[in-house]
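Notes to accompany the following structure.
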Amino acid sequence: MIFATGWLSLHLFGVFITFALLVIVSQKEDATYKSELLLTIACCLVTLVAKSIYIVGGSRQTLLTIGKLEYLGKSFANYCALMFILRWQNIKIPKWFINTLLFINCAFYILIATVDLHHWYYKDYWLNPSQANIRGYTLEIAPAPMYYIFMAFQVLEIIGSVCVIVSSYLSKKDMPDRLNLHIILLFSMLSPAILLSLRLLGILKWDDPTPLGMFFACVFMCIAVVKYKMIDPVKSAKNLIIQNLNEAVVVTDLEGRFLFLNPMAEALVSSMKKKAIHRRKDIEIYDILRGSEGYFDWLDHHYQVEETELQSCNTPQGYMLTLVDVTKILEQNHRMKELVTQAEAATQAKSAFVSNISHEIRTPINSIVGITEVMLRSRHSPREQEFLLNIQSSGQALLSIINDVLDFSKIESGKMQLVLEPYDTLSLFHDLKLTMENQISKCPLELIYEIDQTIPCLLYGDAGRIRQVITNLVSNAIKYTEHGHVRFSVHVHKKDYDKVSLYYEVEDTGIGIRKEDQEILFDSFQRVDLKKNRRIQGTGLGLTISKNFVNMMGGTIGVESEYGKGSKFYFCIDQTIMDSTPISEINYEQRHNSVVSKEAESLFTAEDAHILLVDDNSLNLLVAQELLKPLQLQIDTAENGKDAVAMVQERHYDLVLMDHMMPVMDGIEATKAIRALPEPQYQNLPIIALTANAMVNAQKEFANAGMNGFVAKPIDFQMICNQLRKWLPKDMIHELTREEAEKILSDETDTADSITDTSAGSSAENPAGFRFENGLPYCGSEEALKQIIQIFYNTIDSKSKKIEQCLKEQLIKDYTIEVHALKSSALLIGAPGLSEAAKELEMYGNAQNLAALEEKTEPMLAMYRSLKSLLRPYVEDNESSKKEVSSDDWITVLEQMHQCVEQFDMDGVDHAMETMDTFQTPDKLKDLMEQLRVCVADVEMEEIMKLTDTMVNLLQ
């Protein structure tokens, strides 16, 4: 026990000394080989720490695990030491050789780390009594062949290091302290090998002394570094500059004889001598290098030449010629015109990209916000109503963030403007709290939220910019605070009759900010204490943008901070009071009623108005139709601009709502085509842009195309009502009293709330638990739910087949994705039983439980397929509302699909399928249509062509 304690103390002393060496070397000036020395010391430290834990003792498995950790240092220490010696001597070693050595070391360590899974390294290992272990037992091993191979490889690495040291000693005869330095380095390389040899020869029987040998090696290397100044920053810098200078430097005496040539100059002079007909003298080559008028050409390269006379005490000693290869610079000058053209093209591409991304991002948000607004018209429990209000406010907050991103060009050009409008302070603070709680939920921090209850409930200002400033400040507080709290508070600073001054404050217990850094904190692209905060992502623009917004609102922003204790950011702005009622007096019922009340202000009816709604997204069409339903309009729909142009010529419309970006023909092209029609009514037909394009010049672009107005997505009910009131014929608009409008909006979806489902049948007949009313809360109305059921019904066969195929081929990841999607879609249509079954399979998929998947997939698919009979009545009911078209129309689309398949145009096939889904399906095609949907989903091209031919023959 006494020996073991002393043995442990010796290793702990080694740990302390090694750590000190690590700190000392890390503070030395950088050299090309400093990192290798640090890694060598780190390997030694890992080995000593592991050995210290090993001496404390433990079970057989514990000692084996600690031994693996010890080998982590042993496996790479000799490699790092060899790299240190090679770099010190500046020996150019091929990269493939270095990587091969590293790979072999890694391979050996993997072999050692998995020793309990094979017998390649150890034949066996067991516990054996030992005085060198505190618990009295050590791990003895029976070496296998790979053990001896590893030891031999380690010896080869040591021999390589020794050879380099010996070669250095023999070649550097003028080096100061040459003998002492090289003896110390030899001892550093041989110490581990000597002690290991004593162990293998049985002289040291009590324990493995290799970690102490590694410790001695590190001590010797550090002595060499510190005492004999192996790491010399001035020498390293000079060598590095001379060897890597991209200029040719020639030094001569007064007679023109070369005294010094750097590598680039030596290569240039050598190539000139090889090309010379006769061997030229130094002075002749020097005269050629001087060139004429400061330039010199050689082998398709153009050099700029500068000659300098070298003097000492005003006495000439020689000349230095500097030659800079300017070939690439000249080539770049020739390309400047092309680059300018490319830059202009890039600017146009950027503008197009922002426009496209605007459309792609805002389109789904339109669906979220629009459907939520429709659902808010229904009666819900207070909890459900709160959920819907949260979805709506979160969607609007997300939209505000996206608008900031898409309007970045305004910030760059200084054209950013405030959007001043009335805003609900309670909603703003509620949304901010949700955002903050979501951010802070991932951190071990406390959120303290303090709101002055005397703040007026309705103010006039830019709520979006206020939200962005607060979000920036709170996000920074969370990022730079590891423990403690983040406090957000807002108070009334001063209040007049129609103005209120609000004081916002964000306080944290984070790292704080130095006083000198506070002065540059609000400058662009500035991040303070960057070395300490390197792990924290950010651009350094957030506070700059926040300051600009606060200044635009006529306010002030500042910071108070104590380094190491926390920070407090604050800003104060004045806002106009629209409703002075304190927020403490606003209750939930008022918020609930405000949705209907707000929409009632703009509502009118126009039963005789016939409008055309154009959008390529079926969900957007559904949302727009549901939003406009209270206006009692007659609405036709088209899925692209080409169809819209045809439809306005076939029948009379009082107004067109036209989406911007669509396949086949977009909204702008369609508008121009309509305006180009010869009849005068097409010049006067009101066309309103209905778009997710949030570019700054969008309204100008639409106006130039001939559009009369602009409604941004997500569609705002009041905005679209205002546009319709402005452009529809006045005699068609029937104005409503507030009571009439609120009654229409409140009763709009009451019928959907009272629907009961009598077709669901018993649980034995309906294992999926489908009930029509279950889906209504998710879809907002009966019509919307029927549309979604239609889509769900059409994909049952193809989705079932795909799930079976994924399981058969054991594509578990794809399988899990499919059942995850089914889980959500089943719940959406009102089939919770199927949703739960899919959820269970998703859990098994994530756990890679193949046996459970094989057992439970078939019952789930049977449940899935059983929905076809239950959903068919709703699909057939929905079928009757589709367009009834002629056989010729069917044949045209089927032939288009056939042609698209032959041309491998699957986008065209999908579009043709979408077109046919809007047609009423003849009875003789119903079964074939279901087969066709499956084939299109699975991209079975041969089957698609066969089915289209069969369907065409039936129709003919």
* Would you check if Lys95 and Ile98 make a side-chain contact, meaning some heavy-atom pair closer than 4.5 Å? => no
* What distance separates Met272 CE from Ser270 OG, expressed to the nearest 0.5 Å? -> 10.5 Å
* To do: Under the ring-ring contact (aromatic ring centres under 6.0 Å, His included) rule, collect the residues that match up with His118, sequence neighbours excluded.
  => Trp120
* Asked: Is there a side-chain contact between Met83 and Leu39, using heavy atoms and a 4.5 Å cut-off?
  -> no
Listing, residues 55-68 side-chain donor-acceptor contacts under 3.5 Å, not counting sequence neighbours, or none:
from, atom 1, to, atom 2, distance (Å)
Ser59, OG, Thr62, N, 3.2
Ser59, OG, Thr62, OG1, 2.8
Arg60, NE, Tyr125, O, 3.3
Thr65, OG1, Gln61, O, 2.9
Lys68, NZ, Ala113, O, 3.0
Lys68, NZ, Asp116, OD1, 3.3
Lys68, NZ, Asp116, OD2, 3.4

* Is there side-chain contact between His301 and Leu268, with at least one heavy-atom pair below 4.5 Å? -> no
* Asked: Heavy atoms, side chains only, cut-off 4.5 Å: are Tyr480 and Ser567 in contact?
  -> no
* Partners of Glu855 by salt bridge (Lys or Arg N to Asp or Glu O under 4.0 Å), sequence neighbours excluded? -> none
* To do: Kindly indicate whether the side chain of Leu139, heavy atoms from C-beta on, has any atom under 4.5 Å from the side chain of Tyr54.
  => yes
* To do: With sequence neighbours left out, write down each residue that passes side-chain contact (heavy atoms from CB on, under 4.5 Å) with Tyr169, or none if nothing qualifies.
  => Arg178, Leu179, His182
* Residues in salt bridge (Lys or Arg N to Asp or Glu O under 4.0 Å) with Lys856, at least two apart? -> Glu840
* Structure fact -> Given the options Tyr147, Tyr148, Tyr109, Tyr121 meets ring pair (Phe, Tyr, Trp, His ring centres under 6.0 Å) only with Tyr147
* Asked: Looking only at heavy atoms, what is the nearest atom pair of Ile184 and Phe220, with distance?
  -> CG2-O, 3.1 Å
* Asked: Which residues pass the salt bridge (Lys or Arg N to Asp or Glu O under 4.0 Å) test with Lys813, sequence neighbours left out?
  -> none
* Structure fact -> In short, Ile85 meets Ser161 closest at the heavy-atom pair CG2-O, 4.1 Å
* Asked: What pair of heavy atoms forms the shortest contact from Pro211 to Leu48, and how long is it?
  -> O-CD2, 3.7 Å
Would you list the atom pairs, donor with acceptor, under 3.5 Å between side chains in residues 188-195 and any protein atom, with sequence neighbours excluded?
from, atom 1, to, atom 2, distance (Å)
Ser188, OG, Leu185, O, 2.5
Ser191, OG, Phe187, O, 2.5

* Asked: Which atom names give the shortest non-hydrogen contact between Glu266 and Leu261, and what distance separates them?
  -> N-CB, 4.0 Å
* Hey, are the side chains of Leu102 and Phe76 touching, using non-hydrogen atoms and a 4.5 Å cut-off? -> yes
* Structure fact -> Between Ala248 and Asn262 the two heavy atoms that sit nearest each other are CA-OD1, 3.7 Å
* **side-chain contact (heavy atoms from CB on, under 4.5 Å) assessment of Tyr815 paired with Leu853** => CA-CA 10 Å; Tyr815 176 97; Leu853 294 179; 3.5 Å; yes
* Close side-chain approach of Ile803 and Leu807, heavy atoms under 4.5 Å -> no
* Drop me the distance from Asp814's CG to Gln805's CD, to the nearest 0.5 angstrom. => 11.0 Å
* Sequence neighbours left out, what passes side-chain contact (heavy atoms from CB on, under 4.5 Å) with Val49? Give chain and number order. => Val15, Leu45, Ile53
* Which residues share a side chain to side chain donor-acceptor pair (under 3.5 Å) with Glu818, sequence neighbours left out -> Lys802
* **Distance, nearest 0.5 Å, that separates CG of Leu445 from CD of Glu482** => 9.0 Å
* Is Glu70 salt-bridged to Lys74, cutoff N-O under 4.0 Å? -> yes
* Structure fact -> SG of Cys218 to CG of Leu21, rounded to nearest 0.5 Å, is 7.0 Å
* Asked: Can you list every pair that meets salt bridge (Lys or Arg N to Asp or Glu O under 4.0 Å) and has a residue in residues 42-55, with sequence neighbours left out?
  -> Lys51-Asp207
* Asked: Residues in ring-ring contact (aromatic ring centres under 6.0 Å, His included) with Phe153, at least two apart?
  -> Phe108
* Would you mind reporting whether Ser168 and Leu181 have side-chain heavy atoms less than 4.5 Å apart? => no
* Asked: Which residues pass the salt bridge (Lys or Arg N to Asp or Glu O under 4.0 Å) test with Glu854, sequence neighbours left out?
  -> none
* Indicate the atoms forming the closest heavy-atom contact of Gly73 with Val46, along with that distance. => N-CG1, 4.2 Å
